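Please read the structure below before turning to the comments.
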Amino acid sequence: MSLLRIDGAVDPHVHLRGMEWSHKATFSSETAAALAGGYTAVMDMPNTPPPTVDAPGLARKMRELGEGARCDYGVWLGADPAGAPTPETMTKLARGVCGLKLYCGHTTGTLEIDRELMGAYIKVWPGPGPLGLHAEDDMIGAFIDDLARWRKRGHICHIHSAYAVSRLRRAKEDGLPITAGVTPHHLYLTERDLDALGPKAVMKPPLGTAADREALWEGLRSGVVDMVETDHAPHTWQEKTAQPPAFGVPGLDTCLPLLVTAANEGRLPLERLQALVADAPRLLLGLPAADPDTFTLIDTKARWTVSADSLKTACGWSPFEGFELTGRVVKVVLRGRAAYVDARIVLEPGFGANLYTETAGSVADLGRGREETKASHKT
Ligand SMILES: [Zn+2]
């Protein structure tokens, strides 16, 4: 056995489901998938029902995550297509989340905004978290221009094309505080896999060409692309095989083993993994270096084949089924507690902690504020 230790692996981009989408997956099931995949914390995206765009939406997600999460967590706030809240409310909400997500392209959910509203949100976002962009090539330039204009920190989520990598490289050369993450499916698959994988290869942004994929690997090797994010998005098989199929694929169970496999094949130095799945996301998300008792051990020589049975995600399928990988998570320890050992999840739901601890206070305050406002209106 040849063990690689990764300290404090964080996935900055997941869709755990739960709440009104608990038929797809739950906070408990998907944080189990996170631990099985070697992650000690995950950041949940806001395009949920209810959407995480205001105090009630954030409070509901935090309450249910608090009960269900087995690993640590944070959540992204979503830019509301109905318009930005008051600066005071925005500042309070911002303190309880890891960042603000801007949906500037078609995807799951109801949060798509146009170019004008994207600019307005970039202008008013107070931080401290970054602005995260979901977009295809058409909006990347506008995002970079607006970040430069308003001097804000931004992150291109799931970068997927050679064009986007070249725009990112130029923005970094210009000194902009911008980062990008790439998903395992964009690194491993191309549009040519659509024939064989069918709906299992349908996601936003879509799979690109072989040249796009090579640009993503090159970006990862050169450091232009900063990190790997799974964009874990479980759907039931029925939803996935409907017409049209739901967008998104699961990724938490398989991402680290895929990266170790890539390292074994010489596509990436093994030593880069700590930066790609832990250090860079932690820096992006404003998280301190991991607690020394929070780590993952991966057997970098263990060979296995991905099968539906090997997955902890509730959806029970993966675009990587049949892939022969070299690298398997053997143990995860979270804040000194064994979390995942010998292919078993040991931690109970509710052990996971909110990494943005001001949330509890600020959301409660907002809740009270709303009640008081209502009460004072009545009198
Ligand atoms: Zn996503």
Side-chain angles (χ1 to χ4, degrees), residues 11 13-17 21 23-25 29-30 33-34 36-37 45 47 105-109 134 136-137 157-165 181-217 219-220 225 228-262 264-265 267-268 303-328:
D11 188 344
H13 189 147
V14 298
H15 303 264
L16 298 176
R17 313 308 189 193
W21 271 348
H23 70 283
K24 292 179 193 278
S29 69
E30 301 318 284
M45 285 293 171
N47 55 336
H106 186 41
T107 189
T108 306
H134 170 110
E136 297 189 22
D137 286 347
C157 299
H158 40 54
I159 194 164
H160 72 296
S161 68
Y163 168 81
V165 174
V182 61
T183 70
H185 44 272
H186 289 109
L187 285 172
Y188 270 87
L189 306 173
T190 69
E191 59 191 8
R192 303 189 86 180
D193 292 301
L194 269 161
D195 280 348
L197 291 175
K200 287 184 187 174
V202 173
M203 73 287 291
K204 291 287 183 181
L207 296 173
T209 63
D212 289 320
R213 180 173 64 176
E214 195 40 50
L216 296 171
W217 278 111
L220 210 52
V225 176
V228 175
E229 54 191 44
T230 66
D231 197 8
H232 179 81
H235 295 283
T236 67
W237 187 237
Q238 197 182 9
E239 292 164 332
K240 208 52 189 157
T241 49
Q243 263 325 314
F247 298 126
V249 299
L252 280 169
D253 298 79
T254 45
C255 184
L256 267 55
L258 282 164
L259 292 174
V260 172
T261 302
N264 279 319
E265 291 169 352
R267 278 193 266 180
L268 203 64
R303 297 176 68 87
W304 62 293
T305 303
V306 180
S307 65
D309 304 347
S310 65
L311 306 170
K312 295 279 191 263
T313 175
C315 74
W317 57 270
S318 159
F320 303 113
E321 278 168 67
F323 272 52
E324 290 176 15
L325 304 184
T326 310
R328 189 151 208 182

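Numbers here simply count residues along the sequence, with the first being 1. Only a predicted model underlies this, so the values are computations on that prediction, with no experimental measurement involved. The figures here come from the full heavy-atom set of this structure, side chains too, leaving out hydrogens, waters and symmetry mates.
- In this structure, Asp212 contributes its side chain and Ala162 its backbone to a donor-acceptor pair below 3.5 Å.
- Nearest heavy-atom pair, Thr313 versus Pro234, reported as atom, atom and distance to 0.1 Å: OG1-CB, 3.8 Å.
- Counting heavy atoms from C-beta outward, Pro184 and Leu259 have side chains that stay 4.5 Å or more apart.
- Nearest heavy-atom pair across Ser318 and Val306 is OG-CG1, 4.5 Å.
- Shown here for Gly251 and Thr230, the closest heavy-atom pair between the two residues is O-CG2, 3.7 Å.
- A pairwise comparison of heavy atoms in Ala33 and Asp253 identifies CB-OD1, 3.5 Å as the closest pair.
- In this structure, the side chains of Thr107 and His134 come closer than 4.5 Å at one or more pairs of heavy atoms.
- Between Leu16 and Ala25, the shortest heavy-atom distance links the atoms O-CB, 3.8 Å.
- Checking side-chain atoms of Trp304 against main-chain N and O of Glu324 turns up no donor-acceptor pair under 3.5 Å.
- In this structure, Asp11 and Leu252 have side chains that are in contact, with non-hydrogen atoms separated by less than 4.5 Å.
- At a threshold of 4.5 Å between non-hydrogen side-chain atoms, the residues His235 and Arg17 count as touching.
- Within the model, atoms CG of Leu258 and CZ of Phe323 stand 7.0 Å from one another, a figure rounded to the nearest 0.5 Å.
- Using a 4.0 Å cut-off between charged nitrogen and carboxylate oxygen, Lys312 and Glu30 do not count as a salt-bridge pair.
- Listed here is the closest heavy atom pair of Val225 and Gly181: CG1-C, 4.3 Å.
- Atom CG of Leu197 and atom CZ of Phe320 lie 9.0 Å apart (nearest 0.5 Å).
- Under the 4.5 Å side-chain criterion, counting only non-hydrogen atoms from C-beta, His185 is in contact with Met203.
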Taking distance alone, no hydrogens or angles, what donor-acceptor pairs closer than 3.5 Å link side-chain atoms of residues 239-250 to residues at least two apart or in another chain?
unit_1, atom_1, unit_2, atom_2, d
Glu239, OE1, Lys24, NZ, 3.1
Glu239, OE1, Thr236, N, 2.9
Glu239, OE1, Thr236, OG1, 3.2
Glu239, OE2, His23, NE2, 2.7
Glu239, OE2, Lys24, NZ, 3.3
Lys240, NZ, Pro199, O, 3.1
Lys240, NZ, Val202, O, 2.8
Lys240, NZ, Ala246, O, 2.6
Lys240, NZ, Gly248, O, 2.9
Thr241, OG1, Trp237, O, 2.7
Thr241, OG1, Gln238, O, 3.4

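- The aromatic rings of His158 and His13 sit tilted, their planes meeting at an angle between 30° and 60°.
- Between Tyr188 and Thr254, every side-chain heavy-atom pair lies at or beyond the 4.5 Å cut-off.
- Looking at heavy atoms from C-beta onward, Val260 lies out of side-chain contact with Leu325 at the 4.5 angstrom threshold.
- A 6.0 Å sphere centred on CZ of Arg267 holds more than 12 heavy atoms belonging to other residues, nucleotides or ligands.
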* To do: Check step by step if side chain to side chain contact (heavy atoms under 4.5 Å, CB included) holds for Thr190 and Thr209.
  => CA-CA 5 Å; Thr190 69; Thr209 63; over 6 Å; no
* Asked: Can you list the steps and then say if Met45 with Val14 is a side chain to side chain contact (heavy atoms under 4.5 Å, CB included)?
  -> CA-CA 6 Å; Met45 285 293 171; Val14 298; over 6 Å; no
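- In this structure, CZ on Arg328 lies 6.0 Å from OG on Ser310, to the nearest 0.5 angstrom.
- The side chain to side chain donor-acceptor pair (under 3.5 Å) search around Ser161 returns Asp137, not counting sequence neighbours.
- For the residue pair Thr261/Asn264, the side-chain donor-acceptor check at 3.5 Å is not satisfied.
- Separation of atoms NE2 (His160) and NZ (Lys204) is listed at 9.0 Å; rounding is to 0.5 Å.
- In this structure, the side chains of His15 and His232 stay at 4.5 Å or more apart for every pair of heavy atoms.
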* Asked: Between Asp231 and Thr183, is a side chain to side chain donor-acceptor pair (under 3.5 Å) present by the stated rule, with each step listed?
  -> CA-CA 7 Å; Asp231 197 8; Thr183 70; over 6 Å; no
